[in-house]
Amino acid sequence: MFIPTLKESPADAEVMSHQLMVRAGMIRQLAAGIYSILPMGLRVLRKVEQIIREEMNRIGAQEVYLPSVQPSELWEESGRWKLYGKELLRIKDRHNRSFCYGPTHEEVITDILRKEIKSYRQLPQTLYQIQTKFRDEVRPRFGIMRGREFMMKDAYSFHSSEGSTRKTYADMAGAYSKIFERCGLNYKMVQADSGSIGGSFSNEFMVLADSGEDEIGFCTGCDYASNVEMAEAAQPSAPPANQETEALKEVHTPDKKTVEEIVEFLSVSPDRIVKTIVFESDQGLVAGLVRGDREINPVKLKNMIGCEWLYPAPEKMIYEQTGYPCGFIGPVGLKLKIYADQEVPLMKNFVTGANKKDTHYTGVEIGRDIVIEKLGDLRRIQEGDACPRCASGVYQIKRGIEVGHIFILGTKYSQAMKALYLDDQGKENPMMMGCYGIGVGRTAAAAIEQNHDEKGIIWPPFIAPFQVIILPVNFSVDSIRTASETTYRTLWDSGVETLLDDRPDRLGVKFKDAELLGIPLQIVIGPKNLETGKIEIKQRKTGNSDLYPFPGILEKIPEMLKSL
RNA sequence: CGGGGCGUGGCGCAGCCUGGCUAGCGCACCUGCUUUGGGAGCAGGGGGUCGGAGGUUCAAAUCCUCUCGCCCCGACCA
C-alpha cells in the first residue's frame with residue numbers, strides 16, 4: 001500500500017492536524033489550499049462520508065450529484081454573481097460563456113426544484129450531495145481545514161410551511177449531532193450568523209480546539225451557546241456612580257485618543273465613557289456607540305442596520321469624508337447615522353469625543369445631546385459576562401472549528417429565482433428553504449486535532465482508515481510471515497479492515513509508523529511468542545498490550561473493536 | 001488585499017550579512033556485509049539548472065532589479 005510517512009513535519013504546516021495528515025501520508029499539497037488525497041486520507045474521508053450518508057438517509061434526505069460547473073445566468077438570477085465576490089472562481093468556456101466552479105449549490109438545486117415541483121402536495125423535499133466545492137479563499141491555511149478545493153456535504157430542503165421547515169431543521173440538527181458523535185468529536189451546537197448565504201436562522205457545529213478559527217461563548221449555567229460574533233449580551237444594568245445630569249462641557253484632552261488615556265487623564269472610570277466607532281458599509285459611513293469598557297461587535301451592527309457589508313473605516317477615509325479626527329470622534333452633532341448599544345441610554349452623563357482635535361465632551365446625555373437612529377445589542381460579549389438566558393450562569397469563551405452549519409433560508413432564493421408552488425387555495429407562493437453543510441475534510445482534520453498525542457494520530461474507531469495493523473517482527477521468517485498472512489486474511493474475512501506491514505524494516509520502524517497512523521489496534525507477531533502459540537495485541541490509545549492465544553483470539557477481534 | 005517571512009538533491013536544514021577551491025550536513029534512497037521486539041552498524045554509491053529572468057563583476061547560491069511560488073499575522077467561511 002502507498003503510505004508515504006515522514007519522520008519530520010513539513011516546514012509549512014502550522015497546526016497539528018495538518019502536520020499529522022502530511023506525516024501520516026494522508027495528503028500532499030499541490031498548490032495553496034489545494035491537496036491531493038492519498039489512500040490513507042481517502043479512507044478516512046470515505047468513513048466520514050459514509051456516516052453522513054447514513055444519517056442523512058435516516059432523516060429522509062435523498063442523495064443527488066449536482067454539477068460543479070455552473071452557468072453564470074443562474075447566479076445572475078439569485079444576485080450572487082455580483083455579490084459573491086472574488087471567492088467565486090469564474091471561468092469561461094470556448095464560446096466565451098461565463099461559468100463558475102460551484103462554491104455551494106443553492107442556485108442549481110433551486111433551479112431543479114422550481115422546474116419539478118408545482119404543488120404543495122409535492123413538498124417537503126430534502127436533497128443532499130457530497131461533492132467537491134471550490135472557494136477561492138483569500139487565505140487558505142491549516143492544510144485541508146481551509147482549502148480552496150474541498151469536500152462538502154450540502155443539503156437543501158424545500159417546504160410549503162414554516163412548521164415543516166422547522167421540523168426538517170430540527171431533524172438536521174439531530175442528524176448532525178449523531179454524525180459528529182460517531183466521528184468521535186467533542187462538539188457544541190451554537191447560535192450563528194447566517195453570513196453571505198443569507199437567511200434568518202442558523203446554528204453552527206463547533207469542535208472545541210485551540211487551533212479553531214472561531215470563538216464561541218457558552219454559558220456555565222445553562223445550554224446557551226453562540227458564536228461570539230452573535231452571542232447576545234444580557235439585559236443591561238446601569239453603571240453605578242455619578243448619574244446626576246450635568247451640563248455638556250468641552251474639555252481639552254491633548255493627544256488623549258484611547259479610552260485608557262481618557263480614563264487616566266480625566267479620572268473617570270471606563271463605564272463613564274462612550275466609544276464611537278465609524279464603519280464603512282454599502283450604506284456609507286455609520287457610527288456605532290458602546291460603553292468605554294466594551295467592544296463593539298461588527299456583525300451585530302451589520303445585522304441591526306441590515307446592510308450587505310460593513311468594515312471598520314480606515315482613519316484616512318473618515319477624515320477625508322467627514323473631517324473628524326480619529327480618537328476624538330463623538331456622537332454629539334455627528335453627521336452620521338448613529339447606532340447605539342442598549343447600555344448607552346442607561347448612562348446619564350458621560351464622556352465622548354467632540355469631533356475636534358484634542359477635545360472631548362463631559363456631561364453628555366442621550367436625547368438631550370444625541371439623536372440615536374437605532375438602539376439594541378451591539379457589544380461583543382466578554383468572558384464572565386452574565387448569560388442572556390439564565391440567571392446564574394456566566395459566559396465562558398473557547399475556540400472552535402466550524403465543522404457544520406445549518407440555516408433556515410426562508411424565501412430568499414425561491415423568490416429571486418421564482419421557485420413557486422400552488423398552495424391548497426390554488427395560490428402561488430415561493431417555497432421556503434433550508435440549507436445544511438458539513439465540511440468532510442474539516443471534520444476529519446478536527447478529529448485529529450482532538451485525538452492525537454506526541455506519537456501521532458489516535459483515530460476514533462469509526463473513522464479510522466483501518467481498525468487493525470499487523471506488525472510482523474521479521475517478515476522474512478516463514479512462521480511469522482505465514483501467521484501474519486493468516487491473521488490478515490482471517491480478519492478481512494470477518495469484516496475487520498486490516499493493514500499488514502510487510503515491509504522488510506525493523507520492528508521499531510513499524511511501531512513508529514503504526515503509532516503515527518493512529519490505527520486503533522496493533523497486532524505484533526514475533527518469533528518467541530509465536531513459539532508458545534501467542535500474539536501480542538496493543539491498543540494505540542492506551543498503549544496497553546497483552547498476549548493472546550493464536551489463532552483463537554482472531555475471532556474475538558471484532559468484539560474487541562466494539563469495546564474501544 | 002495590506003503587513004511579515006521563506007524558496008538550496010525526496011524531506012528537514014546550513015552556507016548568503018563580508019562574492020572566490022569540486023555547494024555542504026542529517027534523514028531518506030541504491031549496493032554489499034553484519035544485525036533483527038522500539039526509527040540498526042560498517043563500507044561504498046547515486047542524485048542539486050541553489051524557484052525563474054535579467055543585471056553588476058575577472059568571478060554570483062551569496063550583491064542589485066524584476067518575476068513566480070509558498071508560508072505566517074488581520075477582514076470571510078464547511
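Protein chains get the first letters and strands the later ones, always in sequence-line order, with residue 1 at the start of each. What you see is a predicted model, and the numbers here were worked out from it, not measured in a lab.
Partners of A:Asp282 by side-chain hydrogen bond (donor to acceptor under 3.5 Å, both in side chains), not counting sequence neighbours: none found. Partners of A:Trp75 by ring pair (Phe, Tyr, Trp, His ring centres under 6.0 Å), not counting sequence neighbours, listed by chain and number: A:Tyr84. Residues passing the ring pair (Phe, Tyr, Trp, His ring centres under 6.0 Å) test with A:His105, sequence neighbours excluded: none. With sequence neighbours excluded, no residue forms a side chain to side chain contact (heavy atoms under 4.5 Å, CB included) with A:Val138. Residues that satisfy the side chain to side chain contact (heavy atoms under 4.5 Å, CB included) test with A:Lys178, not counting sequence neighbours, are A:Glu55, A:Arg58. Scanning for side chain to side chain contact (heavy atoms under 4.5 Å, CB included) contacts around A:Thr542 gives A:Gln539, A:Asn544, with sequence neighbours left out. Here A:Ser177 pairs with A:Tyr187 under the side-chain hydrogen bond (donor to acceptor under 3.5 Å, both in side chains) rule; sequence neighbours left out.
With both pairing distances under 3.5 Å, B:G69 is matched to B:C6 as a Watson-Crick or G-U wobble pair. B:C29 is paired with B:G45 under the criterion used here, namely a Watson-Crick or G-U wobble arrangement in which both key atom distances are under 3.5 Å. The partner of B:G74 is B:C1, judged by Watson-Crick or G-U wobble contacts that both fall below 3.5 Å. In this entry B:U36 has no Watson-Crick or G-U wobble partner, no candidate having both defining distances under 3.5 Å. B:C17 is unpaired under the Watson-Crick or G-U wobble criterion, no partner having all donor-acceptor distances under 3.5 Å.
Nucleotides B:G26 and B:C72 have their P atoms positioned 30 Å apart, rounded to a whole Å. For the C1' atoms, the distance from B:G48 to B:G10 is 12 Å, rounded to whole Å. To the nearest whole angstrom, the two C1' atoms, one in B:G52 and one in B:U34, are 47 Å apart. Distance check on atom P: B:G20 versus B:C64 gives 15 Å, rounded to whole Å. Distance noted for atom C1' between B:U65 and B:A75: 33 Å (whole Å). Using atom C1' as the reference point in both B:C58 and B:C21, the two lie 16 Å apart (nearest Å). Distance check on atom P: B:U18 versus B:U22 gives 24 Å, rounded to whole Å. A gap of 12 Å separates the C1' atoms of B:A61 and B:G24, to the nearest Å.
B:G37 atom P lies 18 Å from atom CD1 of A:Ile535, rounded to whole Å. One can place CD1 of A:Ile480 at 10 Å from C1' of B:U36, the figure rounded to the nearest angstrom. Rounded to whole Å, atom C1' of B:C77 lies 16 Å from atom CD1 of A:Ile144. Going from atom CD of A:Glu213 over to atom P of B:A75 covers 11 Å, rounded to whole Å. Per the geometry, CZ belonging to A:Arg80 stands 10 Å off P belonging to B:C77, to the nearest Å. In this structure, A:Asn203 places its CG atom 16 Å from C1' of B:C77, rounding to the nearest Å. Distance A:Arg135 CZ to B:A75 P: 19 Å, rounded to the nearest Å. Per the geometry, CD1 belonging to A:Ile277 stands 15 Å off P belonging to B:A75, to the nearest Å.
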Review point. Base, backbone or nothing for each nucleotide of nucleotides 38-48 of chain B, written B, S, -, heavy atoms under 4.0 angstrom, 5' to 3'?
Key: BBB--------
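Taking 4.0 Å as the cut-off between side-chain N and carboxylate O, A:Asp546 and A:Lys534 do not count as a salt-bridged pair. Salt bridge absent: A:Glu106 and A:Lys412 never bring a charged side-chain N and a carboxylate O closer than 4.0 Å.
With B:C76, B:G37, B:A78 as the candidates, the nucleotide lying closest to the side chain of A:Val524 is B:G37. Here the side chain of A:Pro527 is nearest to one of B:G37, B:A78, B:A75, namely B:G37.
Map A:Val440 and A:Leu547 each onto its nearest nucleotide of RNA chain B; the residue landing nearer the 5' end is A:Leu547. Take the nearest nucleotide of RNA chain B for A:Gly147 and for A:Pro312: the residue whose nucleotide is more 5' is A:Pro312.
Side-chain contact annotation: A:Lys153 with A:Tyr176, donor-acceptor N/O pair under 3.5 Å present. No side-chain N or O of A:Asn297 forms a donor-acceptor pair with one of A:Glu229 less than 3.5 Å apart.
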Contacts under 3.5 Å, N or O only, protein and nucleotides 69-72 of chain B:
{"unit_1": "B:C70", "atom_1": "OP1", "unit_2": "A:Ala32", "atom_2": "N", "d": "2.9"}
{"unit_1": "B:C71", "atom_1": "OP1", "unit_2": "A:Gln29", "atom_2": "NE2", "d": "2.6"}
{"unit_1": "B:C71", "atom_1": "O3'", "unit_2": "A:Asp12", "atom_2": "O", "d": "3.4"}

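Contacts of A:Thr443 with the nucleic acid, taken as non-hydrogen atoms under 4.0 Å apart, are absent. At a threshold of 4.0 angstrom between heavy atoms, the contacts of A:Asp505 with the nucleic acid are absent. Within the nucleic acid shown, A:Glu204 has no heavy atom closer than 4.0 Å to any nucleic acid atom.
A:Phe205 and A:Phe180 have tilted rings, their planes meeting at an angle from 30° to 60° on a 0 to 90° scale.
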